[in-house]
K.L.:
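Encoded as structure tokens, here's the structure I'll be asking about.
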Amino acid sequence: RVNLQISNQKLQAVFSTTPDGLAVLDAALNIEEANPAFWSLVEKSAPTSATPIAKVLPFTALLDPLQQSSPVQVEIDVPLTHTMWRNLLINAVPLAAGDKHGWLLSVHDLTERKRLENLKSEFINIAAHELRTPLAAILGFTQVLKETLPDQEGLSAHLIDTILSSSNRLKTII
């Protein structure tokens, strides 16, 4: 009995302090219990009675798979305001003991990671554009030199060809 109480206290401590949102759903998909992180992620206050998950996270990408009985992983964008969104990764695992069934939802916030990925992509696109502009000028003027200089031989022809080939290689890299 004491071991059971200690195990229960450990589970409650993990449940209430984990940074990811956790919610336990019954077979009717009502939230029976949820940790503070869950309510914070969905930006709702904890209700006093069982609440349908469909009221908290009304997304078919989540609700449809919960009609099955196999583990599910979905990523959803939750609108917080007209301009702000939160990107959540939800892992849903079925629970079953005797004739009782339900789900455990683990909710992880991907918003910051997605924001950083978008910033990285934007930076790469801007950098590539900024590199292409002067490179186009180098290629264009070098091509003009190659076509207009009389009697290209020896070192000057070699240098112009080297500039063209190096510029084209850099263009391919960009």
Side-chain angles (χ1 to χ4, degrees), residues 1-135 170-174:
R1 178 153 167 91
V2 171
N3 288 340
L4 184 60
Q5 287 177 335
I6 289 176
S7 293
N8 191 31
Q9 288 175 13
K10 288 178 186 177
L11 286 175
Q12 279 301 99
V14 169
F15 188 80
S16 62
T17 61
T18 187
D20 285 342
L22 295 174
V24 178
L25 310 181
D26 63 16
L29 302 181
N30 294 311
I31 301 170
E32 286 186 340
E33 189 174 355
N35 69 352
F38 175 84
W39 295 114
S40 176
L41 286 172
V42 297
E43 292 199 355
K44 306 244 192 258
S45 52
T48 55
S49 61
T51 301
I53 191 68
K55 280 191 170 185
V56 178
L57 294 169
F59 301 96
T60 56
L62 172 65
L63 299 174
D64 288 350
L66 292 179
Q67 304 306 314
Q68 312 302 316
S69 60
S70 56
V72 164
Q73 183 178 66
V74 296
E75 192 174 315
I76 57 175
D77 290 321
V78 177
L80 303 177
T81 65
H82 291 298
T83 58
M84 292 183 56
W85 292 75
R86 180 165 280 150
N87 184 272
L88 300 177
L89 176 66
I90 302 175
N91 290 295
V93 180
L95 302 173
D99 61 347
K100 290 197 61 120
H101 297 279
W103 289 90
L104 173 67
L105 303 184
S106 171
V107 183
H108 183 71
D109 189 358
L110 299 177
T111 308
E112 183 64 13
R113 188 183 95 194
K114 292 287 187 176
R115 187 185 73 78
L116 292 174
E117 286 173 3
N118 289 338
L119 284 175
K120 180 179 93 172
S121 293
E122 185 179 342
F123 172 78
I124 290 171
N125 289 336
I126 290 169
H129 174 74
E130 293 299 321
L131 290 171
R132 278 189 205 106
T133 302
L135 185 58
L170 186 56
K171 181 180 170 186
T172 302
I173 291 170
I174 293 170

K.L.:
Applying side-chain hydrogen bond (donor to acceptor under 3.5 Å, both in side chains) as the test, list every pair that has at least one member in residues 90-101; sequence neighbours left out.
P.N.:
Q73-N91

K.L.:
Provide the full list of side-chain hydrogen bond (donor to acceptor under 3.5 Å, both in side chains) pairs with a residue in residues 1-16, sequence neighbours left out, each pair given once.
P.N.:
none

K.L.:
Where the side chain of T111 meets the backbone of N87, is there a donor-acceptor pair that is under 3.5 Å apart?
P.N.:
yes

K.L.:
Do L57 and V42 come within less than 4.5 Å of each other through their side chains, counting heavy atoms only?
P.N.:
yes

K.L.:
Could you pull out all residues at least two apart from L29 that satisfy side-chain contact (heavy atoms from CB on, under 4.5 Å)?
P.N.:
L25, I53, L66, Q67, W103

K.L.:
To the nearest 0.5 Å, tell me how far I174 CD1 sits from H129 NE2.
P.N.:
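Going from the CD1 atom of I174 to the NE2 atom of H129 covers 11.5 Å.
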
K.L.:
Hey, could you give me the CG/CD1 distance between D20 and I90, rounded to the nearest 0.5 Å?
P.N.:
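D20 atom CG to I90 atom CD1 measures 11.5 Å (nearest 0.5 Å).
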
K.L.:
Any side-chain heavy-atom pair from V74 and F59 closer than 4.5 angstrom?
P.N.:
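No; the side chains remain at least 4.5 Å from each other.
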
K.L.:
Ignoring hydrogens and geometry, is there a side-chain-to-backbone donor-acceptor pair from S121 to E117 under 3.5 Å?
P.N.:
yes

K.L.:
For residues 33-50, pull every pair meeting side-chain hydrogen bond (donor to acceptor under 3.5 Å, both in side chains), keeping only residues two or more places apart or in separate chains.
P.N.:
none

K.L.:
The criterion is salt bridge (Lys or Arg N to Asp or Glu O under 4.0 Å); which residues satisfy it with E32, sequence neighbours excluded?
P.N.:
none

K.L.:
Which pair of heavy atoms, one from T18 and one from F15, lies closest together, and at what distance?
P.N.:
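In this case the closest contact between T18 and F15 is CG2-O, 3.7 Å.
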
K.L.:
Please determine whether side-chain contact (heavy atoms from CB on, under 4.5 Å) holds for the pair K114 and E75, giving the CA-CA distance in whole Å, both sets of side-chain angles, and the decisive distance to 0.1 Å.
P.N.:
CA-CA 12 Å; K114 292 287 187 176; E75 192 174 315; 2.9 Å; yes

K.L.:
Can you name the closest pair of heavy atoms from A92 and L105 and give their distance?
P.N.:
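Heavy-atom minimum between the residues: CB-CD2, 3.4 Å.
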
K.L.:
Quick one, N118 and E122 - any side-chain contact, counting heavy atoms below 4.5 Å?
P.N.:
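N118 vs E122: side chains apart.
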
K.L.:
What are the two closest non-hydrogen atoms of P65 and V72, and how far apart are they?
P.N.:
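Between these two residues, the closest heavy atoms are CB-CG2, 3.4 Å.
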
K.L.:
List the atom of A50, the atom of N30, and the distance in Å for their closest heavy-atom pair.
P.N.:
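Where A50 meets N30 most closely, the heavy atoms are CB-CB, 4.1 Å.
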
K.L.:
List for me each residue that meets salt bridge (Lys or Arg N to Asp or Glu O under 4.0 Å) alongside K171, sequence neighbours excluded, and say none if there are none.
P.N.:
none

K.L.:
Where do L41 and V107 come nearest, in terms of heavy atoms and distance?
P.N.:
CD1-O, 3.4 Å

K.L.:
Which atom names give the shortest non-hydrogen contact between P94 and S69, and what distance separates them?
P.N.:
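Closest approach of P94 to S69: CG-O, 3.4 Å.
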
